[in-house]
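One structure is given below, encoded as structure tokens.
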2 protein chains.
Amino acid sequence: MPAYERVLIAVDPVIFTITHDHLQVLLRQREKEPFKGKYELPGGLVQHGETAELALSRKLTEILGTQNVFFTQFHTFTAPQRDPRARTASIGFIALVSRDKIPAGEEWLSVDQLPLLAFDHKDIITKARAYLRQHLDAELLRQFLPEKFPLNNLQLVHEIIMQEKYDNRNFRKKMVAAGIVEETGESEQNVSHRPAKLYRFKS
Amino acid sequence: MPAYERVLIAVDPVIFTITHDHLQVLLRQREKEPFKGKYELPGGLVQHGETAELALSRKLTEILGTQNVFFTQFHTFTAPQRDPRARTASIGFIALVSRDKIPAGEEWLSVDQLPLLAFDHKDIITKARAYLRQHLDAELLRQFLPEKFPLNNLQLVHEIIMQEKYDNRNFRKKMVAAGIVEETGESEQNVSHRPAKLYRFKS
DNA sequence: CCAAAAGTGTTAGAACTACACCCATGC
DNA sequence: GCATGGGTGTAGTTCTAACACTTTTGG
């Protein structure tokens with residue numbers, strides 16, 4: 001057995017979205033051993049000649065059916081026994097999609113109520129969630145929302161990711177003052193309460 | 001040729017220190033092809049049964065002769081041709097050492113004046129430097145300084161990493177008010193100017 | 001008119017910025 | 001006594017945090 005082992009490289013996307021006032025992760029139920037029946041991240045192996053980013057992009061297109069999904073690396077997992085079949089290093093990615101772009105037929109589980117997962121995928125998700133909290137900024141926020149949205153939705157997204165409540169007046173003032181959002185001039189339609197003005201992210 | 005290629009996993013530590021008022025990186029001159037004569041990061045391959053962290057720890061002990069070196073992953077590089085000999089993915093780490101712990105016999109180059117480097121090591125260093133700026137906090141700062149230090153040295157370290165000047169009075173007030181440092185009661189010795197009080201990081 | 005969510009202003013305290021001179025030591 | 005870096009206070013501004021009621025729509 002050589003000291004320098006050749007290993008497989010996987011990419012594991014933690015695809016987040018926000019629905020039903022909760023942060024959700026896309027997971028799939030395994031059909032084969034090991035961990036048959038357990039949920040897992042929809043990852044895949046890096047192919048010959050591909051970068052990890054290209055492999056991930058390929059995977060995301062396959063899963064979500066669109067090219068324009070934000071993603072970024074956050075950590076690489078290398079525990080020798082993390083996959084019992086063969087030594088595999090996994091490059092963990094975060095990917096973010098807004099509710100209005102998620103395809104039908106996929107299973108989303110709330111990150112706060114995950115069952116036992118296959119492999120070390122729970123660790124991967126935990127680390128991804130921490131990354132999201134720590135790196136939350138306008139660039140990430142906009143991934144969760146459609147082009148036009150009420151300010152209160154933005155606040156809700158903030159609160160769900162940061163797990164913290166904000167004062168509504170202060171939040172609105174800050175977002176506008178910081179130049180993160182601007183009014184579109186449009187409003188919500190057909191809601192059974194005062195319609196909200198729609199905002200968009202600036203530049 | 002199989003679609004799923006097995007690859008080598010390297011760990012490449014970007015070891016930073018601050019000397020001569022500049023951020024320096026530990027580099028070595030390659031003795032063999034490819035890139036013979038060019039400088040490279042002192043990386044190594046992950047061995048059988050090792051995590052990347054363990055491999056890095058082993059490497060750092062080998063290079064610096066001490067176990068207590070702060071390090072953290074920051075990015076994984078997977079371009080297929082990054083090493084012409086064999087496909088190798090490299091997990092980039094940052095490691096930080098204070099000037100008083102650096103061993104003799106190593107070459108340190110200023111990050112602002114690097115020559116052409118072997119492989120994609122320039123990219124790795126550029127990304128490491130950006131990570132350092134973005135994640136600078138008390139935990140990282142303390143790695144650059146000895147146990148006891150004058151406040152002005154702390155300010156200098158800050159300025160070098162952030163590439164920005166600070167007001168001396170404001171900086172001192174902030175560090176003390178934020179509870180990052182505290183006085184030791186000791187002072188510098190044998191300096192041909194007013195001796196500075198020595199501080200230490202709190203808790 | 002009721003329910004539901006949207007929207008709005010003020011004030012007190014905290015944090016941040018800008019700014020210039022005196023102090024302690026060695027030689 | 002001079003050169004060298006160490007050390008200090010104040011005032012204006014900006015940012016943050018706390019707080020409760022009115023508005024607009026659909027049903």
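Computed from a prediction, not measured in an experiment: that's the story for all the values here. Within every chain, numbering begins at 1; the chains are lettered A, B, ... in the order of the sequence lines, protein sequences first and strands thereafter.
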Polar atoms only, N or O, under 3.5 Å: list the protein pairs with nucleotides 12-14 of chain C and their distances.
none

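- Every residue two or more places apart in sequence or in another chain was checked for a side-chain hydrogen bond (donor to acceptor under 3.5 Å, both in side chains) with B:Asp112, and none qualifies.
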List, with names and distances, any nitrogen or oxygen atoms from the protein found under 3.5 Å away from nitrogen or oxygen atoms belonging to nucleotides 19-21 of chain C.
unit_1, atom_1, unit_2, atom_2, d
C:dC19, N3, B:Arg169, NH2, 3.3
C:dC19, N4, B:Asp167, OD1, 3.3
C:dC19, N4, B:Arg169, NE, 3.3
C:dA20, N1, B:Arg169, NH1, 3.3

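- The CG atom of B:Asn153 sits 12 Å away from the P atom of D:dG5 (whole-angstrom rounding).
- Atom CG in B:Leu154 sits roughly 13 Å away from atom P in D:dG6 (whole-Å rounding).
- The aromatic ring centres of A:His75 and A:Tyr131 sit 6.0 Å or more apart.
- Residue pairs meeting the salt bridge (charged side-chain N to carboxylate O under 4.0 Å, His left out) criterion with at least one member in residues 161-171 of chain B, sequence neighbours excluded: B:Glu159-B:Lys165.
- Every pair passing salt bridge (charged side-chain N to carboxylate O under 4.0 Å, His left out) that includes a residue from residues 119-146 of chain A is listed here, sequence neighbours excluded: A:Arg82-A:Asp120.
- A donor-acceptor pair shorter than 3.5 Å can be found between the side chains of B:Thr76 and A:Thr76.
- In plain terms, the two heavy atoms of B:Pro34 and B:Pro84 that are nearest each other are CG-CG, 3.8 Å.
- Residues from residues 196-203 of chain A with heavy atoms under 4.0 angstrom of DNA chain D: there are none.
- Counting only residues at least two apart or in different chains, salt bridge (charged side-chain N to carboxylate O under 4.0 Å, His left out) contacts with residues 53-72 of chain A comprise A:Glu50-A:Arg58, A:Lys59-A:Glu62.
- Rounded to whole Å, the distance from CD on B:Glu183 to C1' on D:dT8 is 13 Å.
- Between A:Met175 and A:Val181, the closest side-chain pair of non-hydrogen atoms falls below 4.5 Å.
- Protein atom CD of B:Glu188 is 12 Å distant from nucleotide atom C1' of D:dT4, rounded to whole Å.
- Between the CD atom of A:Gln155 and the C1' atom of D:dA17 there is a distance of 14 Å, given to the nearest Å.
- A:Ser98 and A:Asp100 share a side-chain donor-acceptor pair at under 3.5 Å.
- Nearest heavy-atom pair across B:Tyr39 and B:Leu27 is CD2-CB, 3.8 Å.
- Rounded to an integer number of Å, the gap from B:Arg172 CZ to D:dG9 P is 12 Å.
- Looking at A:Thr17, its side chain does come within 3.5 Å of a backbone N or O of A:Val97 through a donor-acceptor pair.
- Annotation: side chain of A:Asp12 is not in contact with side chain of A:Phe77 (no heavy-atom distance under 4.5 Å).
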Given protein heavy atoms under 4.0 Å, the one-letter contact record of nucleotides 22-27 of chain D, with B base, S sugar-phosphate only and - none, is simply -BBBS-
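- In this structure B:His135 satisfies the side-chain hydrogen bond (donor to acceptor under 3.5 Å, both in side chains) test together with A:His135, sequence neighbours excluded.
- Among residues at least two apart or in separate chains, side-chain hydrogen bond (donor to acceptor under 3.5 Å, both in side chains) pairs with a member in residues 187-202 of chain A are A:Glu182-A:Arg200.
- Residues satisfying the side chain to side chain contact (heavy atoms under 4.5 Å, CB included) test with A:Ala86, not counting sequence neighbours, are A:Leu8, B:Arg6.
- The distance from atom CZ of B:Phe171 to atom P of C:dA15 is 17 Å, rounded to the nearest whole Å.
- Aromatic ring centres of A:Phe201 and A:Phe149: separated by under 6.0 Å.
- Distance, B:Lys174 NZ to C:dT17 P: 7 Å, rounded to whole Å.
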Identify each atom pair where a protein N or O and an N or O of nucleotides 13-15 of chain D are less than 3.5 Å apart, giving names and distance.
none

